[in-house]
Structure formats: C-alpha cells, structure tokens
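Take a look at the structure set out below.
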Amino acid sequence: MPALNIGVDPLKTHDCGELRAAHDGSVTTLAGWVSRRRDHGGIIFIDLRDRSGFVQVVLNPENLSPDDYETAERLRSEWCVQITGTVQLRPEGSENPTLPTGEIEVMTNAITVLNQSQTPPFYITDDVDADESLRLRYRYLDLRRPVMQENLRLRHRVVKYIRDYLDGHNFLEIETPILIKSTPEGARDYLVPSRMQPGNFYALPQSPQQLKQLLMVSGVERYFQIARCFRDEDLRADRQPEFTQLDLEMSFVSEPDVLNLIEGLYAGLVRELTPQFKIKTPFPYLSYDDAMARYGSDKPDLRYDLEMADVSDLAAETEFRVFHGILDRGGIIKAMAVPGQGGLSGSDMRRMEETAKEFGAAGMSHVRITGEGPLDSLGEGDALLSPGLRMPPEWVIRLAQRAGANRGDLILLMAGPAKLANQWLASMRSHLAEQLELADPNTLAFAFITDFPMFDWDDDAQRWDSTHHPFTAPAPGCESMLDGDDLSAIPSRAYDLVCNGSELASGSIRIHQREMQERVFAILGYTPDQVQDRFGHILEAFDYGAPPHGGIAPGIDRLVAILAGADSLREVIAFPKTQSGSDLLFGAPSPVDHAQLRDLSIRVTE
RNA sequence: GGCCCGGUGGUGUAGUGGUUAACAUACUGCCCUGUCAAGGCAGAGAUCGUCGGUUCGAAUCCGAUCCGGGUCGCCA
C-alpha cells in the first residue's frame with residue numbers, strides 16, 4: 001500500500017510497515033503512534049505504529065537537536081508523532097526476525113509531536129486482556145489494535161469483491177429507503193415516529209424484501225445492495241440488532257441460476273481473499289429432509305461425519321418402557337455413531353448423559369461396542385448397553401449397521417418427538433465434535449440446503465407460519481396442495497447456504513402472481529383487510545406483468561466473522577452493540593429532550 | 001421473560017466472616033547509549049458495581065438492583 005502522498009510537505013512519505021532492507025539509505029518521514037518506548041538513558045527506541053504495521057525508530061542524542069531529544073524523552077504510549085530520518089540496516093545481531101520490518105530501523109534526525117495522549121485505559125495490542133465492555137467504551141482505541149484493523153480491512157475486501165463480482169454479472173446496485181412501512185410479522189420492527197404526521201410511524205427495514213421484488217416488477221432484472229437491516233430482537237454472539245446483508249434479486253431465473261451465482265461468489269471470494277481455508281466445489285446439495293434425517297439440523301456442520309439414523313423400528317424390539325412410551329405418542333428414536341469412543345467408562349457415559357440433559361433431553365441411551373474384528377463376530381460381552389436395553393449381540397449388530405458403527409465405536413440413542421429428538425442429538429453432535437476436535441478449523445464446508453417446507457405449524461399460536469417467508473413460492477407441481485389438508489408436506493422453493501454449522505444465506509424463488517400470493521396470505525391467517533393494508537402495494541404490482549424472480553440474502557457480518565476466525569460478530573463490526581442493545585461509546589439509547597418528543601407528539605408514560 | 005457466568009487500584013487477577021486488601025502489569029520519578037514484553041531502584045494509586053440487610057465485625061453471608069458475557073425463548 002503506497003503512502004498517501006499529497007501536498008508539498010507531506011506528513012508521511014512511507015508507511016511504517018512497508019520499510020525493508022531495500023530502503024537502506026533512503027530518507028523517510030513517518031507519522032503514527034508510539035506503541036512502545038525503550039529508554040536506555042541515552043539512546044531511545046520507539047516502536048512506531050500506523051495501520052500498515054510497526055517499525056523501530058531510533059532516537060539518538062548524537063543525531064538530534066537538544067530540543068528534539070528533550071521531546072523524545074517525553075514521548076509516551078499512543079502519542080501521535082511525526083519523525084524524519086534515514087532507513088538503515090540494524091547493527092549485526094540486533095535484527096528482530098519476529099517483525100516484518102525487523103531488518104531495518106529508522107535513525108531519526110527530527111521529531112514532531114502531532115498530539116499527546118492520555119495513558120490509554122488498556123494497552124493497544126492484539127492479545128488485549130481488557131474486558132470487552134471497556135473495549136467498546138473506548139472502541140476508537142480498540143480499533144487501533146492490528147487484529148481489528150485487519151478485520152476492518154478484510155471486511156472491506158469482502159464487500160469490494162462482492163461488488164466487483166456482481167458488477168461483472170450485470171447486477172445493478174440500488175439503494176432502497178431506510179424509512180419504510182411497518183409490516184409486523186416475523187421480527188419486531190424498529191419504529192421511527194413521523195413529525196409531520198403525528199401518531200404515524202416509519203419502520204426500519206428488517207430486509208428490503210418487498211422493495212427488491214418491486215424492483216423486479218420495474219424491470220431491473222438484476223439488483224443487489226449491501227443493505228443495512230434492523231431487527232428489534234434479543235442479541236446473541238452471532239446476532240446484532242442492525243446488521244449487513246448482501247441483498248440480491250434476479251428475474252427470469254430458477255434455483256440453479258441463483259445458487260450457481262452464489263457458489264461462484266463464495267468460492268471465488270474465499271480462494272482470492274482467504275486462501276488459507278480449504279473449500280470443496282461444487283458445493284454439496286442436501287434437501288431439508290435429508291439434512292434433518294442425517295444431522296438433525298437444517299444447518300449441519302459438514303466438516304465431520306457423525307451421522308444419525310432413525311432406529312425407531314429397532315427400538316421397538318426392546319422392552320425399554322421409555323422407548324415404547326415415546327413411540328406410542330408418535331415420537332422417534334434416533335441413533336448416532338461416535339467413532340472410536342466405544343471404550344468410554346461408565347462414569348464418562350453418565351457425564352455425557354448429564355450433558356444431554358443440559359440440552360433439554362429427558363435422557364440418553366447408549367451402546368458401547370468393544371473388541372476387535374468384524375462386526376458380525378460380535379459376541380456376548382462385546383457390547384455394553386444402557387441398563388434399559390438388554391438386547392442380544394444380534395440386535396446390536398443390526399443397530400450398528402443402521403447407525404454406521406463398527407467395533408470400538410459408541411452409539412448414542414435419543415428418544416422423543418421428532419423435532420426435539422433431532423434437536424437434542426444435533427446438540428450432542430456439535431458438542432462431541434468440539435470435544436473430540438473433529439472440525440478442522442481450516443476448512444469451510446459450504447453446502448446448499450434445499451426443498452424447505454412451505455409452512456410450519458406454530459403450536460403456541462395455533463396457526464401456520466412460513467418456514468422462510470410469505471413470498472416464497474411452492475415447488476412446481478405442488479400448487480394444488482395449498483388446498484389440501486397437510487400443509488406441512490408442501491415443499492417450497494426456498495434454499496439456504498450453510499457453512500460450518502452457520503446459516504450464511506437464505507433465499508427463494510418468489511411468488512409473482514397475485515392469486516398465489518393471496519392464497520398464501522390466507523393460509524397464514526391474514527384477513528383481507530390486513531393483506532390490503534400491509535401488502536396491497538405489492539399485490540397490485542404483481543397485476544402489472546410481474547416477472548418470475550428469485551433471490552437470496554447472504555449475511556456479510558457472519559461471513560466476515562468466519563473468514564476472520566472471530567467468535568463474535570462484534571469483532572468484525574466497527575461499532576457494535578452490547579447484548580442489551582447499548583452503544584457503550586455513545587451511550588445510546590438515551591433519553592431525549594421534551595421538546596423533541598413534543599415535536600413528535602410522543603409522551604413517555606413509564 | 002427464564003437459566004448460567006462475571007463485576008476488587010488505570011488494566012488483568014488473587015483473596016469465601018477479623019489481612020496495613022495481595023500479585024502482575026501499566027503509571028510517576030531517578031539511574032542507564034543497542035533494546036525490542038528492555039533492565040535496575042524508589043513511589044503513588046482500591047471506600048472491593050450500586051442500594052439495603054444479617055453480624056461485635058462483610059470484598060467475603062442474604063435480598064434487591066444495575067452493567068457485561070453465554071444460552072433458551074425470540075430472530076417470517
């Protein structure tokens with residue numbers, strides 16, 4: 001990166017981190033921050049830092065005016081300084097191989113303090129040990145840390161790659177409004193009161209979903225936006241109330257068009273920006289049903305196997321009352337083989353069952369297969385079963401075959417309603433993978449999950465919910481099922497991109513005809529008035545030759561977090577919020593003046 | 001809203017009923033011309049998140065509350 005070099009008397013001619021042995025003898029002017037000082041009484045060393053890295057600056061009284069040397073003695077951490085000097089090779093034996101600039105140093109003959117600094121509340125270094133709330137309170141200092149600078153740079157490069165890639169595929173980047181209409185379903189909206197229309201509110205977009213569909217009606221054909229989205233829900237390590245999505249939509253496409261485009265984007269991006277990660281192309285496809293059956297999750301981590309199998313029929317052969325109780329109530333029993341763990345002790349198994357209970361499971365059964373040799377040579381005493389099971393080797397062999405287990409492996413069994421059994425066993429799956437270090441941190445296992453169901457039954461609200469969202473089209477040929485009884489069986493045209501157990505993108509081929517859209521709204525329980533009020537504009541647009549279209553919305557924060565190896569989105573967002581939605585730097589949210597509220601015709605009652 | 005973890009000098013930690021509240025580091029001063037987490041000596045710095053209670057006595061026990069983190073619910 002060349003130094004920004006404008007004006008007749010530039011404050012810097014080089015970046016600290018770019019200087020090498022090849023610069024030996026050149027005169028340089030640097031500007032940056034004092035990272036460390038080592039004052040030997042005469043000679044003083046400064047590690048000078050700018051965004052490019054560090055360089056050792058030597059302040060020798062023999063080369064400095066008395067005034068400048070006095071200045072040098074006063075320097076402290078994080079002072080902003082400018083120095084001019086000559087790059088020279090370090091004396092033999094004093095090179096620092098841990099530093100990219102370690103072969104050279106800058107012998108200074110002039111120094112200017114650009115600004116002094118208070119002693120920083122924490123030391124600016126990659127292995128910072130300060131509490132995160134302190135880092136957020138002083139985020140501008142936290143961002144001086146090289147690792148944070150690197151995260152910001154990576155994020156920039158990701159977004160630039162996306163823009164270039166989509167530009168190359170004839171997409172148009174179009175901005176959509178931040179102040180839009182509240183259409184409350186799904187997440188809670190952030191609301192903005194209208195001053196000019198007292199009592200009315202804008203909402204901040206949860207996503208530009210309807211806007212991008214309207215752009216398709218407009219004939220844009222290929223749209224994208226690096227879009228800020230807002231959802232007023234509780235936070236998590238991987239969830240911020242405002243976050244950034246690559247929002248994109250295409251006309252005249254079906255699933256492969258969107259997914260091939262996305263595969264090309266992600267594969268190219270990873271290979272160019274973070275080649276240290278191993279990826280496999282083409283990305284595997286997994287139907288929702290397969291994902292649930294084999295991994296108990298619709299966003300499985302595919303870096304390791306640990307597959308599951310339904311063993312309800314085998315479980316029915318046992319005399320175990322728990323299994324029969326569950327089966328009688330329509331539940332299932334699922335098994336997961338854990339390779340090489342058949343030798344665990346009874347207390348290991350009790351501990352593992354405790355873990356399962358922490359995930360919400362009522363209990364967990366297991367079979368430990370011991371010994372050597374082929375599976376069908378299994379005899380009495382070669383398998384340790386949970387107390388309730390008491391089954392012969394012949395049954396264990398069939399169970400092992402179904403679960404894909406061998407001698408020396410462990411089989412875990414979980415019983416419950418299908419949804420919960422999957423959830424519990426999936427939790428065990430990730431837990432064991434972490435404990436056994438099965439997931440290669442240098443692999444990104446991308447996969448597309450397809451054929452999501454159109455609807456989920458919401459037991460609490462006693463109504464149908466969209467699995468993806470109400471604009472998702474039903475699978476071709478299944479339209480008539482919308483009039484049938486079993487709505488849960490209707491496949492939709494929704495798809496996800498998952499990676500290492502995270503959902504990275506979610507999209508679908510949309511409905512583009514009024515009649516179909518109205519039927520879906522009706523199934524979701526909207527009255528005609530509600531439909532007209534919230535979605536009248538988009539239904540009306542469909543009446544004017546809306547083209548078939550579909551799209552996808554990849555999360556940028558999550559992608560950058562994975563590429564940066566960060567375990568929280570806060571590490572890749574410049575100014576993130578805390579779990580309670582606070583901005584600790586600005587102190588937002590905060591009370592506002594009465595005058596502001598009066599303008600908005602708003603009164604705070606609590 | 002539920003559950004779990006944390007809050008002690010600037011920073012990071014130790015301290016489970018009586019301590020001058022300990023240690024490291026940062027900071028301040030002095031010494032020191034080849035260090036790179038520089039080194040040596042000296043010094044200053046904490047009403048232990050807040051409020052209330054128990055006790056002769058509380059950083060320590062109890063209750064409430066605030067803040068930060070994780071997680072479940074929630075996130076079409």
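First the proteins, then the strands, lettered A, B, ... as listed; each starts at 1.
For A/Asn96, whose side chain is taken as the heavy atoms from C-beta onward, the closest listed nucleotide among B/A37, B/C36, B/A76 is B/C36. Closest approach to the A/Arg239 side chain among B/G34, B/G68, B/C74 is made by B/C74 (side chain taken as heavy atoms from C-beta onward). You'll find that the side chain of A/His40 is closest to B/U33, out of B/U71, B/C36, B/U33.
Contact check, A/Arg38 against B/U35: no side-chain N or O comes under 4.0 Å of OP1 or OP2. Side-chain nitrogen and oxygen atoms of A/Ser580 include at least one within less than 4.0 Å of the OP1 or OP2 phosphate oxygen of B/G68. Listed pair A/Ser568 / B/G69 fails the phosphate criterion, with no side-chain N or O lying under 4.0 Å from OP1 or OP2. Applying the 4.0 Å criterion to OP1 and OP2 of B/A76, one finds that A/Arg188 has every side-chain N and O outside that range. Close to B/C36, at under 4.0 Å from its OP1 or OP2, lies no side-chain N or O of A/Arg37.
Across B/U60 and B/U71, the matching C1' atoms stand 29 Å from one another, rounded to whole Å. Rounded to whole Å, the separation between the P atoms of B/G39 and B/G53 comes to 49 Å. To the nearest whole angstrom, the two C1' atoms, one in B/C30 and one in B/U50, are 42 Å apart. Comparing the C1' positions of B/G34 and B/A44 gives a spacing of 31 Å, expressed to the nearest Å. Rounded to whole Å, the P atom of B/G17 lies 50 Å from the corresponding atom of B/A76. With both ends at atom P, the span from B/A14 to B/A22 equals 16 Å, rounded to whole Å. Using atom P as the reference point in both B/A64 and B/C4, the two lie 12 Å apart (nearest Å). B/C41 sits 22 Å from B/C36 when the C1' atoms are compared, rounded to a whole Å.
Each of A/Ser133 and A/Gln88 lies near RNA chain B, and the nucleotide nearest A/Gln88 is the one positioned closer to the 5' end.
A/Arg135 contributes no side-chain N or O that forms a donor-acceptor pair with the base of B/G68 under 3.5 Å. Residue side chain A/Glu233 does not reach the base of B/G73 through any donor-acceptor N/O pair under 3.5 Å, judged by distance alone.
Using a 30° and 60° split on the angle between ring planes, A/Phe535 and A/Phe521 fall in the parallel class, below 30°.
For the pair A/Ile44 CD1 and B/U33 P, the computed distance is 11 Å after rounding to whole Å. Per the geometry, NZ belonging to A/Lys357 stands 24 Å off P belonging to B/U71, to the nearest Å. A/Leu99 places its CG atom 10 Å from the P atom of B/A37, with the value rounded to the nearest Å. Separating the CD1 atom of A/Ile124 from the C1' atom of B/A37 is a distance of 15 Å, rounded to the nearest angstrom.
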How does each nucleotide of nucleotides 2-13 of chain B score, in 5' to 3' order, for protein heavy atoms under 4.0 Å: base (B), sugar-phosphate only (S), or none (-)?
--------SSS-
